[in-house]
Number of protein chains: 2
Amino acid sequence: MTAQRRLLVRIIQDSSRHLDVATLLEIARKQDAAIDRATVYRTIALLKEHRLIDELDLMHIEGEKHYYEAKTSRDHCHMACFRCGAIMEYVSPSFDRLKKEMVQQSGFQIRVVRLEVGGICKRCQENGK
Amino acid sequence: MTAQRRLLVRIIQDSSRHLDVATLLEIARKQDAAIDRATVYRTIALLKEHRLIDELDLMHIEGEKHYYEAKTSRDHCHMACFRCGAIMEYVSPSFDRLKKEMVQQSGFQIRVVRLEVGGICKRCQENGK
DNA sequence: ATAACTGCAAATCTTTTGCTTACAG
DNA sequence: CTGTAAGCAAAAGATTTGCAGTTAT
């Protein structure tokens with residue numbers, strides 16, 4: 001793995017936010033001004049293949065771009081607030097159970113799971129009254 | 001509602017497949033050759049707002065485009081096979097339960113839910129041996 | 001040497017927008 | 001009349017690709 005790729009991986013892993021390509025590129029350029037958009041895309045493709053990162057759509061809350069996060073030990077759901085744009089994560093044993101059930105009942109071999117929810121977060125509901 | 005919009009709605013409702021915009025346009029043009037891509041997009045935006053259709057990504061199995069389906073009474077999950085491209089639907093009480101749990105625990109008001117899975121379908125696993 | 005990686009620019013694909021004309025309430 | 005819808009063409013946004021030069025094995 002090259003230095004540029006290591007840099008990109010590190011940024012994704014260290015970030016608490018979900019990064020889109022433009023943001024990832026911007027951050028990376030602070031440490032390596034020469035890094036190119038194409039390299040970012042190519043690295044992401046690799047990381048996806050190796051299942052080191054997950055790709056998110058986040059209900060396309062802000063254009064059609066994708067967001068990325070380092071794979072965690074536990075799959076989780078993303079809830080995107082259409083009003084304030086906040087992204088919340090949700091982990092639950094029920095989600096794990098559902099996945100297991102899907103595999104058992106359909107024989108499908110799961111490689112990626114994406115559960116995304118769009119709506120209005122609690123705060124916005126209260127503020128919007 | 002105009003005739004063109006009714007036509008588009010009818011096509012989406014009657015289709016057993018999940019339609020992308022290009023396909024939807026192609027089908028619509030057989031009945032109204034003048035219909036424009038922009039009209040399709042504008043109609044889809046309306047139908048989404050009114051929650052008459054759901055937008056799917058289907059793990060971007062074939063480019064970045066979206067797919068659409070008429071909303072059914074029951075939310076369901078889509079499983080996309082990376083090998084043969086098949087899309088399978090999966091309905092389960094566990095899914096309903098998970099949604100309810102999410103609402104209760106987070107106070108989030110859900111407007112759209114999308115559970116998509118990518119992997120290898122049973123048939124392809126067997127054929128691929 | 002050989003194969004993989006990179007930057008750059010151009011191409012592609014999908015979706016959105018501005019503007020003018022046409023239609024519906 | 002007045003507002004909404006439609007067609008057209010151009011723009012915008014995100015991602016991919018070809019190619020020539022570079023680096024790593």
Side-chain angles (χ1 to χ4, degrees), chain A residues 1-12 18-50 52-69 80 82 85 112 114 116 118, chain B residues 1-12 18-50 52-69 80 82 85 112 114 116 118:
Chain A
M1 207 190 242
T2 67
Q4 290 196 333
R5 293 195 175 163
R6 274 195 301 276
L7 170 59
L8 292 170
V9 174
R10 201 177 326 125
I11 293 170
I12 296 176
H18 302 99
L19 299 173
D20 58 54
V21 170
T23 309
L24 177 52
L25 180 59
E26 195 189 332
I27 296 172
R29 277 194 166 145
K30 286 178 186 152
Q31 294 178 62
D32 178 349
I35 197 167
D36 191 77
R37 208 172 44 242
T39 300
V40 175
Y41 278 106
R42 292 194 264 236
T43 303
I44 283 173
L46 270 183
L47 296 175
K48 271 203 290 179
E49 273 169 39
H50 290 78
L52 296 170
I53 59 174
D54 274 323
E55 183 176 75
L56 310 171
D57 293 295
L58 299 183
M59 300 313 287
H60 305 291
I61 216 164
E62 197 191 324
E64 299 304 312
K65 64 193 167 194
H66 293 135
Y67 299 84
Y68 300 90
E69 68 178 7
F82 288 135
V112 202
R114 193 144 74 206
E116 302 196 326
Chain B
M1 209 193 242
T2 67
Q4 290 195 335
R5 292 194 177 164
R6 274 194 303 274
L7 171 59
L8 291 170
V9 173
R10 201 177 326 125
I11 293 170
I12 296 176
H18 303 100
L19 299 173
D20 58 53
V21 170
T23 308
L24 177 52
L25 180 58
E26 195 189 333
I27 296 172
R29 277 194 165 146
K30 286 179 187 151
Q31 294 178 62
D32 178 349
I35 196 167
D36 191 78
R37 207 172 45 240
T39 300
V40 175
Y41 278 107
R42 292 194 264 238
T43 303
I44 282 174
L46 271 182
L47 296 176
K48 271 202 291 179
E49 273 170 37
H50 290 78
L52 296 171
I53 59 173
D54 274 323
E55 182 176 76
L56 310 172
D57 293 297
L58 299 183
M59 300 315 286
H60 306 292
I61 216 164
E62 196 190 327
E64 299 305 311
K65 64 193 168 193
H66 293 134
Y67 299 84
Y68 300 91
E69 67 178 8
F82 288 134
V112 202
R114 193 144 73 207
E116 302 195 326

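In what follows, every chain begins at residue 1, and chains take the letters A, B, ... in the order their sequences are listed.
Side-chain atoms of A:R42 lie closest to C:dC8 of the nucleotides C:dC8, C:dT14, D:dA6. Nearest to the side chain of A:Y41, among C:dT6, D:dT16, D:dA6, sits D:dT16. In this structure, the nucleotide among C:dT17, D:dT17, C:dT15 sitting nearest to the side chain of A:A38 is D:dT17.
A donor and an acceptor atom, one from each side chain of A:D36 and A:T39, are nowhere located under 3.5 Å apart. A side-chain N or O of A:Y68 and one of A:E55 form a donor-acceptor pair less than 3.5 Å apart.
Note on ring orientation: taking the six-membered ring where Trp is involved, the planes of A:H60 and A:H66 are tilted (angle from 30° to 60°).
In this structure, B:T2 reaches the D:dA6 phosphate: one of its side-chain N or O atoms is under 4.0 Å from OP1 or OP2. Residue B:Q4 places none of its side-chain N or O atoms closer than 4.0 Å to OP1 or OP2 of C:dC23. Proximity of B:T39 to the phosphate of D:dA5: no side-chain N or O atom is located under 4.0 Å from OP1 or OP2.
Heavy-atom nearest nucleotides on DNA chain D were determined for A:E62 and for A:M1, and the one closer to the 5' end corresponds to A:E62.
Residue-level contact check: A:A34 touches the backbone only, with heavy atoms under 4.0 Å from sugar-phosphate atoms and none from bases.
To the nearest angstrom, P of D:dT23 lies 16 Å from CZ of A:R5. One can place CZ of A:R37 at 16 Å from P of C:dT6, the figure rounded to the nearest angstrom. A straight line from NE2 of B:H66 to C1' of D:dT15 spans 13 Å, rounded to a whole angstrom. Protein atom CG of B:D36 is 16 Å distant from nucleotide atom C1' of C:dC23, rounded to whole Å. The NZ-P distance, from A:K65 to D:dA12, rounds to 17 Å in whole Å. At whole-Å resolution of the value, OH in A:Y67 and C1' in D:dA14 are 12 Å apart. The separation between B:L7 atom CG and D:dG7 atom P is 11 Å, rounded to whole Å. Per the geometry, NE2 belonging to A:H60 stands 12 Å off C1' belonging to D:dA14, to the nearest Å.
We find the CZ-CG distance between A:R37 and A:L24 to be 13.0 Å, quoted to the nearest 0.5 Å. Atoms CG and CZ, from B:L46 and B:R42 in turn, are 10.5 Å apart once rounded to the nearest 0.5 Å.
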